[in-house]
Every structure is written in C-alpha cells, then in structure tokens.
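Below, chain A is the first sequence line, B the second, and so on; all start at residue 1. Values below: every heavy atom of this structure, side chains too, minus hydrogens, waters and symmetry copies.
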Number of protein chains: 2
Amino acid sequence: MTRGGAEMDVHAHDDKLQSSSDAQILRAAKVKNHRALIEATLKTLAELGYANASVSEIIKRAGLSRGMIHLHFGSKNKLVSEAAKHASERYHAFLEHCLERAGPRAQDQLEAIVKHDLSEDVLNATSVRVWYELRGAIYFQKELASFSDTRDERLRCILFRLFKDLSLRYGDEDTAKEKAEDVTFAFLALMEGMWNDYLLHQGSFQRAKAKRSVFRILKTLFPDHFDLEGAKPA
Amino acid sequence: MTRGGAEMDVHAHDDKLQSSSDAQILRAAKVKNHRALIEATLKTLAELGYANASVSEIIKRAGLSRGMIHLHFGSKNKLVSEAAKHASERYHAFLEHCLERAGPRAQDQLEAIVKHDLSEDVLNATSVRVWYELRGAIYFQKELASFSDTRDERLRCILFRLFKDLSLRYGDEDTAKEKAEDVTFAFLALMEGMWNDYLLHQGSFQRAKAKRSVFRILKTLFPDHFDLEGAKPA
DNA sequence: TCAAAAAATGGACGATTGTCCATTTATATG
DNA sequence: CATATAAATGGACAATCGTCCATTTTTTGA
C-alpha cells in the first residue's frame, strides 16, 4: 500500500519517471469522482447496454465533464475495465460474506450459494444486465476476461469441494469425484441459465420457482441432504 | 403466397398504393442479394458483436454497396430483425428435424434435444455468438424478442410434455406435474448455461463432458430411462 | 496571502455512424 | 433494337463517436 492504493493510479503517458512522492497525495474529491465514474459506467451499461454506453452518456450520469474519463482512466475502455473489476469484486465480496454467515456443513454452504445467486442483491435488473453486457464485451475487449475468470474459477473450486464432500456419502472415491465434476459443471451452467432467464423475462420471473427448481435437482442428487426448501435440518 | 413471399417485401415509404402486379416479379439476383445481406449480418454479429456490427462492416462482408440495406430492408435495425428471424427459424427447423428422426419415446426425444443443442451444428462459435448478441440486443431493440420468444415457448411446451410423461412413471399426477414444471425450468436454464460456458471458454469446452453432465442430471431424475450416455435402450 | 501544483472543464478534432438519394447499371418488354 | 422499369451504386449528410488539450477553477503549502 506504499503507493496509496492502486485505484488512484492515474494513467501515465510515460510511466518511466513516475514522480514518486506526488502519488501519495490523495484528495477526497478526486477519489470521489473516480468512484462516481465507475458507478456511472455500471449504471449506463445497465440502462443502455455496452453498444450505447458512450462517453457522453457516462459523464452525463456522473455529472462530470467530458475530459474526466481520459484524465482518470486514460481511455473509455480502461474505465470499463475498472468498472468490471469493481463489479466483480463486489459480487465476490458479498458471496464470501454469505458463505461465512452460513453453517459449516456442505449442504448449508450450497444453500447459501443458491440463495445468494437468486437474492435481490445479486439477481436484480442492474447487476444482471451489467454482467451480461460485460460478458459479451469480453469477445472484443479481452482484458475484461481476467476479472470474471478468476472469480469463476474460485467459485468452481468451492463448488467442487462441496459437491465432492457430499458425493462421498453416496459412493466410493472415484465415482464421487466423477459425480462432483459433472454436478459442478451442471450447477454453474444452471445458475447462469437462471440469470439469462431472469434477464429475458424480468416481468414474469419467479424467484421462488427458480429456487425450488434448483433445490429439486439438488434433492434428487443428494436426497439425504436437501429438500425442496434447501438444506435439510440437522 | 400470392404476393410472392413476405421476404421480398421491400420497405414501402408509402405503402398505400402498392402497385400490385409488380410485386410478382422476382429477379433471382435480388433475392440472392437479400439473402447475402442477412448472412453477412449474422457473420458480422458473430465476428464483431452487436456493438461493432456497423453498416460498413455488413456491406463489406456482403460484397454489396452501401445503399442496399436501406433499399432492401429500410433500415439497419430492420435488417438485424430479419437476420434474427432467419437464425431463429434455422434453429427451429433443425430441432424439428432432429426430433422427427429420433425415436418416439420421451427419453429418445429428450436425448435428441440434448444432442441437438450440444451438436456442432448448433453449438458453434458463430451461432452461439449471434444468439448471445441478439439476446442482449432485445433490451434496446424490443422487436427482436418476438422471434426467440415464440421459439422458446414452443420448446418449453415440448419439454414439459416429455418431462411430465416421464414423471408420471415415478409418481402420481400432482407430484408429476410439479416435478415436470421444475425440471423443464431447470433443463432450459441448464442448456442455456452450457451455451454461455461454451462462449466463454471456447478453447477448453468439452462437448462430451457437457453431455455427460446433462445426462447425469437426467439419469438421477429418471433412473429407469437414462444413463450417462443418453436414453436407456429398450 | 499568494504563487505553485493539481484537478476539472468543455470545446476542437478527425473518424465513423446510419440514412438517404441522385445517378448509373442491368434487365425485361413492346 | 429501343425504351421503360427495376436494381444497385457510392457519395453526401448531419449526428455522434472517443480522444485530447488549452484553459479555468480549486486546493495546497510556504
């Protein structure tokens, strides 16, 4: 943290001779505007989509002037990257929070993940739209991949561990491992598919139905550990 | 079909006095160019995404001149709509073909749907990218929804019928219906999630693994009718 | 309090967007 | 073959894009 936090790194046209000491100075207004730009970017992505999220629309929502994007981030693409990073970190942090709050058993942790992914904090019009747009934009703005990739990989690892833990109660090591692999893959696809469905049918999407649907799959896979409401009580 | 096929409807600035008889004349070159524009649009969407699929890029791929889009479709948005319609119909037609070819049992039909959705004809870089881009674009080009909506609804009905058919072998009418509802919902989400995953990890995506994953879920739900390879033989 | 430094502004810039139309080219019919 | 009509062309057009920078405004420190 000697450099005062990476988030304050203003773009450097020639970053060979970064005038060291100056970087320490943090003015409150600057960091506020920095964040305002990121929030405005996410807002714009949600409201207009990546294709229509222009500099003009972003600064309009941020209530700042045109030059601020170049000043703070160097380019619009880099701003979008920072916004993606921010959104990813926020998702991740909330997920960790939910996992910590939940019980220690594998089925409790899994229930927490399902309920997290279908909660109004995560599955809402803004977040899901942003997620969809940024995902699509990875294709022609490769650096966006890094954020979602690390997060997805971490979630995948957690899920695999939990599913393997449960699967071992139903069979031997080898079959449990194979089962856990398949179920992890399917579970991730299932949750992402739910997000897609939410995006497409925001008016008629029913959280309760979605939840019951997921838990029915889990109940069928692990009948001793789940029912249609979630993890079975101890 | 008296008007020579709706696809030849050139935009009409004032369509009050459509000079009837002229519409009959179909020149081969015209319909060819019409199709070329639609194919070029899909190609551009796949290669550059919705955000970068400009008129210039589309006509470059079609090998035609700038004015053709306005001449044939009236506007770029209408061209994109027609392209979406075309892609949707192609998907639908191929699915129906697969269903007809498959055996009559519910498990055979379901196996056909899974294999169709994960086949190289459907799950390929071009088609999936186009699907993703058009889906996202629905948000700010509402008319795009109509095509995917009707198709999705039809698929949903087919799936529900098949799943209910199977579920009845495992329980009474009421529980079977509820199970079928949940499974239909989950199955659709699962397949869409697979498409998402394919899009994001085209390099490492494994069809076989995806297929096994889906069939494992189906096997767990309907153990008498599926194994890890697909429908159980008779 | 006042010069120096940092931060923010808003317009200029060339490039590109989608739309449209005056021409040109190709085809069909008398 | 000549003429009418359909089809295709490619540039003009205003609007908007992202980038950048000469200014102005604000804050800092002696």
Side-chain angles (χ1 to χ4, degrees), chain A residues 4 8-14 18-37 40-41 44-45 48-60 62-81 83 137 140-141, chain B residues 4 7-14 17-37 40-41 44-45 48-60 62-81 83 137 140-141:
Chain A
M8 286 313 301
D9 269 15
V10 161
H11 79 290
H13 280 123
D14 46 347
Q18 188 145 7
S19 55
S20 52
S21 61
D22 302 343
Q24 298 282 355
I25 301 165
L26 296 183
R27 282 180 45 201
K30 190 177 179 182
V31 57
K32 197 185 110 196
N33 287 337
H34 190 94
R35 286 186 184 149
L37 281 171
T41 302
T44 311
L45 283 171
L48 305 179
Y50 185 93
N52 301 105
S54 65
V55 168
S56 309
E57 293 292 340
I58 293 170
I59 57 108
K60 187 198 295 179
L64 295 171
S65 63
R66 196 160 187 69
M68 287 291 266
I69 288 177
H70 178 256
L71 184 66
H72 277 262
F73 298 93
S75 72
K76 183 193 143 192
N77 275 5
K78 285 179 188 160
L79 166 57
V80 172
S81 281
F140 37 89
Q141 196 179 328
Chain B
E7 63 175 342
M8 288 311 303
D9 269 17
V10 161
H11 78 289
H13 280 122
D14 46 348
L17 302 176
Q18 188 148 5
S19 53
S20 52
S21 60
D22 305 341
Q24 298 282 356
I25 302 166
L26 297 181
R27 282 181 44 201
K30 189 176 178 182
V31 55
K32 199 185 107 195
N33 288 336
H34 190 95
R35 286 186 185 149
L37 281 171
T41 301
T44 311
L45 284 171
L48 305 179
Y50 185 91
N52 301 104
S54 65
V55 167
S56 309
E57 293 292 341
I58 293 171
I59 57 108
K60 187 198 295 179
L64 294 171
S65 62
R66 200 161 184 67
M68 287 292 266
I69 289 177
H70 179 256
L71 184 65
H72 277 262
F73 299 93
S75 74
K76 183 193 144 191
N77 275 6
K78 284 179 188 161
L79 166 57
V80 172
S81 281
F140 37 90
Q141 195 179 327

Peer 1: Side-chain N or O of A:N33 less than 4.0 angstrom from OP1 or OP2 on C:dA7?
Peer 2: no
Peer 1: Give the rounded distance in Å between these two atoms: CE of A:M68 and C1' of D:dT25.
Peer 2: 12 Å
Peer 1: Let me know the distance between CD1 of A:I59 and C1' of D:dG18, rounded to the nearest Å.
Peer 2: 12 Å
Peer 1: Expressed as a whole number of angstroms, how long is the span from B:K30:NZ to C:dA28:C1'?
Peer 2: 15 Å
Peer 1: Measure from CD1 on A:I69 to P on D:dC21 and round the result to the nearest Å.
Peer 2: 17 Å
Peer 1: Could you give the distance from OG1 (B:T44) to CG (B:L79), rounded to the nearest 0.5 Å?
Peer 2: 9.0 Å
Peer 1: Kindly give the atom pairs (protein nitrogen or oxygen, nucleotide nitrogen or oxygen) under 3.5 Å for nucleotides 22-25 of chain C.
Peer 2:
none

Peer 1: Of the listed nucleotides (C:dT19, D:dA8, C:dT9), which one gets closest to any side-chain atom of A:S65?
Peer 2: C:dT9
Peer 1: With sequence neighbours left out, what residues match B:S75 under side chain to side chain donor-acceptor pair (under 3.5 Å)?
Peer 2: none
Peer 1: Are B:F140 and B:Y50 close enough that their ring centres sit under 6.0 Å apart?
Peer 2: yes
Peer 1: Answer with base, sugar-phosphate or nothing: what part of the nucleic acid does B:N77 contact at a heavy-atom distance below 4.0 Å?
Peer 2: nothing
Peer 1: Do any side-chain nitrogens or oxygens of A:H70 fall under 4.0 Å of OP1 or OP2 in D:dC20?
Peer 2: yes
Peer 1: Name the orientation class of the two ring planes belonging to A:H34 and A:F73 (parallel below 30°, tilted from 30 to 60°, perpendicular beyond 60°).
Peer 2: tilted
Peer 1: Would you name the heavy atoms of A:M68 and A:L37 that are closest together and state the gap between them?
Peer 2: O-CD1, 3.9 Å
Peer 1: What is the distance, rounded to the nearest whole Å, between atom CG of B:L71 and atom P of C:dA26?
Peer 2: 16 Å
Peer 1: Can you measure from CG (A:L64) to CG (A:N33) and round to the nearest 0.5 angstrom?
Peer 2: 4.5 Å
Peer 1: Which residues pass the side chain to side chain donor-acceptor pair (under 3.5 Å) test with B:S65, not counting sequence neighbours?
Peer 2: none
Peer 1: So, is B:H72 near the phosphate of D:dA8, with a side-chain N or O under 4.0 Å from OP1 or OP2?
Peer 2: yes
Peer 1: Which protein N or O atoms sit under 3.5 Å from an N or O of nucleotides 15-17 of chain C?
Peer 2:
| unit_1 | atom_1 | unit_2 | atom_2 | d |
| --- | --- | --- | --- | --- |
| C:dT17 | OP1 | B:S54 | OG | 3.1 |
| C:dT17 | OP2 | B:S56 | OG | 3.2 |

Peer 1: CZ of A:F73 versus C1' of D:dT19: gap in Å, rounded?
Peer 2: 16 Å
Peer 1: 5'-most contact on DNA chain C: B:G67 or A:L64, nearest heavy atom basis?
Peer 2: A:L64
